[in-house]
**Q** 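I'd like to ask you about the structure that follows.
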Number of protein chains: 2
Amino acid sequence: MKRQVDGRKARGEKRRTEIIEATLRVIERDGVAGVTHRTVAAEAGVPTTSTTYHFATLDDLLIATLIDCARDMATEVYWMIDRARSHGRGRGAEEIAKLLAEALGPKRGRTMAEYELYLLAARKPELRPAARRWLDVLTSMVRHDDEVAFRVFLAGIDGLLIQGLIDDEPPGEEELRPVVDYLLNPR
Amino acid sequence: MKRQVDGRKARGEKRRTEIIEATLRVIERDGVAGVTHRTVAAEAGVPTTSTTYHFATLDDLLIATLIDCARDMATEVYWMIDRARSHGRGRGAEEIAKLLAEALGPKRGRTMAEYELYLLAARKPELRPAARRWLDVLTSMVRHDDEVAFRVFLAGIDGLLIQGLIDDEPPGEEELRPVVDYLLNPR
DNA sequence: CCAATAGTGGGACGAACGTTCAGGTATCTT
DNA sequence: AAGATACCTGAACGTTCGTCCCACTATTGG
């Protein structure tokens, strides 16, 4: 990928990111199954061949989207944990419960998209490094004596999100809070 | 579905279950994305039109597969918990860690299939009752004073499985044991 | 025994798919 | 200015998809 000296994006870069963002929107709306060169191109408002030019195959497009998505996820979870730590014990659970309720409510499509990409990475080895990166970022920021507890915490968050996705009406903040509280400070 | 008085399966029942089992095998091998009338029919060794006869649409086929799969999952997790309880504290974690290692090792394809169907249920409301049923079975067998702890336990199991699916070499029993132990008996 | 019905199977249709190709346009290098 | 390179796009190829149609066979109910 060629870049200009002044740091501005190279010519094709802009449209490339447009296509990636359009892909994520398609996945949020119709799932990974709905991703085709044509649907993505239509969503991005570009001709069909433009997606095949920038991404030789559909897998390349999904890999790029996963990488883009994983970066956002990592920073989001990072700040979630940071906020939860800066607050007191009870307040921390409150913060996290609020974010989970958002992920299952207004941002439900996005949450589904993330887990679909995650599961796609389980099946396609070439996607795994990108999927694993955000987990690595998180585990790298934990003190070593907390390692087991932190792994349980992350696993619990994943489980709560996935289970919440199949509820007809997603669990609210108040319903999530005691569970998150237990997850942070088990008795 | 018509049945004979003596309880034996009706005529078309046998081929119907064959198709469902073939569908699950296809999902284990190629994912939900690989499920088409033709691939399922080929896997089952029946003509293509046979799948469209017994299942009007592909969604119907996936629903039937999910229901079939959910029943197996529920009984499996039920016995897992039962065994973990009958053993002592430490031995219980050992039992569960062993089952998780199996689910991520030899039965990895099956585990992926289950979570793909689970995520499909998140997107298609008509699949949700089937996906929720096995969760309901499990939550119904827990004492009420344990409710929060049990929800955290189930969420933790889900999270551990999903995170284990994107590892190049799945975590072994000994690696899982301390985490499961913490999940069962947090400190 | 004989209609009625459920199950079976081959073939084909239109639609959507991934991908290719040739030709066009903008930008960069020298 | 001019050649090289990157970028863009309309049209089309062959394939696979879901689904439909019709003829055929086995089973069932009366």
Side-chain angles (χ1 to χ4, degrees), chain A residues 1-23 25-27 29-66 116 120 123-124 126-127, chain B residues 1-23 25-27 29-66 116 120 123-124 126-127:
Chain A
M1 192 53 53
K2 208 146 123 203
R3 286 179 179 277
Q4 293 177 323
V5 280
D6 55 15
R8 274 184 301 150
K9 294 194 169 178
R11 260 204 298 157
E13 201 82 356
K14 185 181 161 196
R15 174 161 282 193
R16 206 184 130 93
T17 63
E18 281 176 359
I19 292 175
I20 291 179
E21 289 165 4
T23 304
R25 285 197 300 273
V26 170
I27 299 178
R29 194 197 330 126
D30 302 322
V32 174
V35 173
T36 72
H37 281 135
R38 285 172 172 82
T39 56
V40 169
E43 174 69 32
V46 299
T48 306
T49 46
S50 188
T51 65
T52 70
Y53 175 77
H54 289 281
F55 305 93
T57 160
L58 265 187
D59 273 351
D60 291 340
L61 178 55
L62 288 173
I63 290 175
T65 306
L66 176 58
E116 283 193 31
L120 195 70
R123 198 171 288 282
K124 306 200 176 193
E126 61 269 28
L127 272 76
Chain B
M1 190 52 50
K2 213 145 122 199
R3 288 180 176 278
Q4 294 176 326
V5 281
D6 56 16
R8 273 184 301 150
K9 294 194 170 179
R11 257 203 302 157
E13 200 83 356
K14 184 182 162 197
R15 175 160 282 196
R16 206 184 131 93
T17 63
E18 281 175 359
I19 292 174
I20 290 178
E21 288 165 5
T23 304
R25 285 197 300 274
V26 170
I27 299 179
R29 193 197 330 124
D30 303 323
V32 173
V35 173
T36 71
H37 280 134
R38 285 172 173 84
T39 57
V40 169
E43 174 70 32
V46 299
T48 306
T49 45
S50 187
T51 64
T52 70
Y53 175 78
H54 290 280
F55 304 94
T57 159
L58 267 186
D59 272 351
D60 291 340
L61 177 56
L62 287 173
I63 290 175
T65 307
L66 176 58
E116 282 193 32
L120 196 69
R123 199 171 288 281
K124 306 200 177 193
E126 62 268 29
L127 270 79

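Lettering of chains follows the sequences in order, A, B, ..., and the numbering in each one begins at 1. FYI, side chains are in, hydrogens and waters are out, and symmetry mates aren't considered; it's all heavy atoms of this structure.
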**Q** Which whole-number value in Å describes the distance from A/H54 NE2 to C/dT19 P?
**A**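 After rounding, the reported distance stands at 16 Å.
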**Q** Given atom CZ of B/R15 and atom C1' of D/dT25, what is their separation to the nearest angstrom?
**A**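 B/R15 atom CZ is separated from D/dT25 atom C1' by 13 Å.
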**Q** State the CD-OG1 distance between A/E43 and A/T23, to the nearest 0.5 angstrom.
**A**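 Here the interatomic distance stands at 9.0 Å.
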**Q** Contact between A/V40 and A/L58 at the side-chain level, heavy atoms closer than 4.5 Å - yes or no?
**A**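 No. Closest side-chain heavy atoms not under 4.5 Å.
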**Q** Specify the separation, in whole Å, of atom CD of B/E18 and atom C1' of C/dT8.
**A**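 Value for this atom pair: 13 Å.
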**Q** When the distance from CZ of A/F55 to P of C/dT20 is rounded to whole Å, what number comes out?
**A**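 It is 16 Å, rounded to the nearest whole Å.
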**Q** Do the side chain of B/T52 and the main chain of B/T49 share a donor and acceptor less than 3.5 angstrom apart?
**A**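 Side chain of B/T52 to backbone of B/T49: a pair is present.
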**Q** Can you confirm whether A/L120 sits close enough to A/L66 that some side-chain heavy atom of one is under 4.5 Å from a side-chain heavy atom of the other?
**A**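 Side chain of A/L120 against side chain of A/L66, heavy atoms only: no contact under 4.5 Å found.
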**Q** In whole angstroms, how far is the P atom of D/dA6 from the CZ atom of A/R16?
**A**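 Result: 15 Å.
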**Q** Which residue pairs satisfy the side chain to side chain donor-acceptor pair (under 3.5 Å) criterion with at least one member in residues 30-41 of chain A, sequence neighbours excluded?
**A**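 Passing the test, one end in residues 30-41 of chain A: A/T36-A/T39.
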**Q** Who pairs with B/E21 by side-chain contact (heavy atoms from CB on, under 4.5 Å), at least two apart in sequence or on another chain?
**A**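 For B/E21, the residues satisfying side-chain contact (heavy atoms from CB on, under 4.5 Å) (neighbours in sequence not counted) are B/R25.
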**Q** Calculate the interatomic distance between B/E13 atom CD and D/dT27 atom P; express it in whole Å.
**A**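 Answer to the nearest Å: 16 Å.
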**Q** Among residues two or more places apart or on two chains, list those pairs meeting salt bridge (Lys or Arg N to Asp or Glu O under 4.0 Å) that have a residue in residues 48-65 of chain B.
**A**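 Applying salt bridge (Lys or Arg N to Asp or Glu O under 4.0 Å) to every pair that reaches into residues 48-65 of chain B, excluding sequence neighbours, yields B/D59-B/K124.
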**Q** For DNA chain D, which residues in residues 36-53 of chain A have a heavy atom at a distance below 4.0 Å?
**A**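 Those residues are A/R38, A/P47, A/T49, A/Y53.
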**Q** Measure from NZ on B/K14 to P on C/dT8 and round the result to the nearest Å.
**A**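 Nearest whole value for this atom pair: 10 Å.
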**Q** What does the inter-axis angle of the helix from C/dC1-D/dG30 to C/dT30-D/dA1 come out as, five pairs per end, nearest 10 degrees?
**A**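 Its terminal axes enclose an angle near 20°.
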**Q** Side-chain contact, heavy-atom cut-off 4.5 Å: B/F55 with B/I63?
**A**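 Sidechains of B/I63 and B/F55: no contact.
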